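Below is one structure, written out as structure tokens; comments come after it.
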There are 2 protein chains.
Amino acid sequence: MNIVEISKVLANQTRVNILRWLKNPEANFPPHQEIDHFDDGVCVGFIQDKTGLSQSTISTYLNSMQNANLVIPSRHGKWTYYRRNEEVIQAYLQELQKEL
Amino acid sequence: MNIVEISKVLANQTRVNILRWLKNPEANFPPHQEIDHFDDGVCVGFIQDKTGLSQSTISTYLNSMQNANLVIPSRHGKWTYYRRNEEVIQAYLQELQKEL
DNA sequence: TTTACATATCTAAAAATATAGATATGTAGA
DNA sequence: TCTACATATCTATATTTTTAGATATGTAAA
């Protein structure tokens, strides 16, 4: 868990939005076709649609968020689902609380 | 209080260090000459010395931190002192807690 | 085993950030 | 009012980030 690396992720409104949306996928995304839950998160395509940015940009964003351990990917067939990594997010908040 | 703007400040190790040092000036900086306390913070020169970066870089950093309302400047004679803006820092932490 | 689709990676251009040297400004003291 | 000093701003360059189009990869279905 690296404060500077995670702060870099949060230094962009779209990435902050993605993290917020992933808190409550039911409210922010349409239902998936193959699976009827969001236990493994949300597929890249839905996130892309919601942001309006290009597919490659969103893939890059999600990759940086994954590198910072803020999200966890799961492959399901053709789709990659991303969900929040609550442990790391909480650890970051606690570390900030302590350090800042 | 803007999450993205403040996160940009925190996306650099030196700036995070400055905020941490300012939490406890007595432990991190030599005593000032004209004043015998740190109630208004620490002068730019001391911060510069501690980081080893150039004067203009530190001035730029402090300016960005001030724009984000993370620090408060006070002019005392030739010196500008910077101290933490605890209200905004706490507001940021609380907002993150809620939003993130 | 080809095709279609979802996502990742590569490439490249534009914008932002980091950083320092030079210069300007403001203040205190001679 | 000179001079020295602390800090801010300007200018310029290097690096990083943002972003998208093109291409590659992996998977499912025909």
Side-chain angles (χ1 to χ4, degrees), chain A residues 2 4-19 22 25 29-35 38 40-68 70-83, chain B residues 2 4-19 22 25 29-35 38 40-68 70-83:
Chain A
N2 181 315
V4 169
E5 187 182 16
I6 292 182
S7 296
K8 283 185 185 178
V9 168
L10 302 182
N12 174 289
Q13 188 64 60
T14 299
R15 290 188 300 254
V16 171
N17 289 343
I18 292 172
L19 279 176
L22 290 180
F29 299 98
H32 285 127
Q33 314 203 293
E34 312 253 320
I35 322 182
F38 288 104
D40 285 331
V42 177
C43 72
V44 177
F46 284 0
I47 296 171
Q48 184 200 333
D49 288 346
K50 182 118 181 158
T51 62
L53 296 176
S54 75
Q55 185 268 320
S56 71
T57 298
I58 295 307
S59 188
T60 302
Y61 280 7
L62 289 169
N63 190 256
S64 73
M65 294 166 79
Q66 182 189 336
N67 284 336
L70 287 170
V71 295
I72 301 168
S74 318
R75 185 99 196 201
H76 283 255
K78 293 194 284 186
W79 295 274
T80 307
Y81 296 73
Y82 284 91
R83 68 180 187 278
Chain B
N2 181 315
V4 169
E5 188 183 13
I6 292 183
S7 296
K8 282 184 187 180
V9 169
L10 302 182
N12 173 289
Q13 188 64 60
T14 298
R15 291 189 298 255
V16 171
N17 288 344
I18 292 172
L19 279 177
L22 290 181
F29 299 98
H32 285 126
Q33 313 204 293
E34 314 252 318
I35 321 182
F38 288 102
D40 285 332
V42 177
C43 73
V44 177
F46 285 180
I47 296 172
Q48 184 200 332
D49 289 347
K50 182 115 178 159
T51 61
L53 295 175
S54 77
Q55 185 268 320
S56 71
T57 299
I58 294 308
S59 187
T60 302
Y61 279 5
L62 288 170
N63 190 257
S64 73
M65 293 165 78
Q66 181 189 337
N67 285 337
L70 287 171
V71 295
I72 300 168
S74 318
R75 185 96 195 205
H76 281 254
K78 294 193 285 187
W79 296 273
T80 307
Y81 296 73
Y82 284 92
R83 69 179 187 280

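Below, chains carry the letters A, B, ... as their sequence lines are ordered, and counting in each starts from 1. These numbers were taken from a predicted model, which means no experiment stands behind them. All values below were derived from every heavy atom in this structure, side-chain atoms included, with hydrogens, water molecules and symmetry-related copies excluded.
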Protein-to-nucleotide contact annotation, 5' to 3' order, nucleotides 21-28 of chain D [B base; S sugar-phosphate only; - none; under 4.0 Å, heavy atom]: BB----BS
Atom-to-atom span, CG of A:N63 to C1' of D:dT17 - whole angstrom: 14 Å
Interatomic distance, A:I47 CD1 vs C:dA6 P [rounded to whole Å]: 14 Å
Pairing residues for B:R83 by the side chain to side chain donor-acceptor pair (under 3.5 Å) criterion, not counting sequence neighbours: B:S74
Atom-pair distance (CE on A:M65; P on D:dT17), nearest Å: 16 Å
Separation of D:dA4 P from B:W79 CH2 (nearest whole Å): 16 Å
Check: A:R75 side chain, A:G77 main-chain N or O, donor-acceptor pair, under 3.5 Å: yes
Rounded distance in Å - CG (B:D49) to C1' (D:dA6): 12 Å
A:H32 side chain to A:C43 backbone, donor-acceptor under 3.5 Å: yes
Flag for A:S54-A:T57: side-chain donor and acceptor within less than 3.5 Å: yes
Ring pair (Phe, Tyr, Trp, His ring centres under 6.0 Å) partners for B:F29, two or more places apart: none
Whole-Å gap separating P (D:dT18) and CG (A:L62): 13 Å
Distance-only side-chain donor-acceptor flag, A:S59 / A:S56, under 3.5 Å: no
Atom pair distance, as rounded to whole Å: CG in A:L10 and P in D:dT17: 14 Å
Touch class at under 4.0 angstrom, heavy-atom based, for A:S59 against every strand present: base
A:R15 side chain to A:K8 backbone, donor-acceptor under 3.5 Å: yes
Whole angstrom value for the distance that separates P of C:dA18 from CG of B:N17: 14 Å
Selected nucleotide, minimal atom distance to B:L53 side chain, candidates C:dT9, C:dA20, D:dA8: C:dA20
First encountered from the 5' end of DNA chain D, between B:Y82 and A:I58: B:Y82
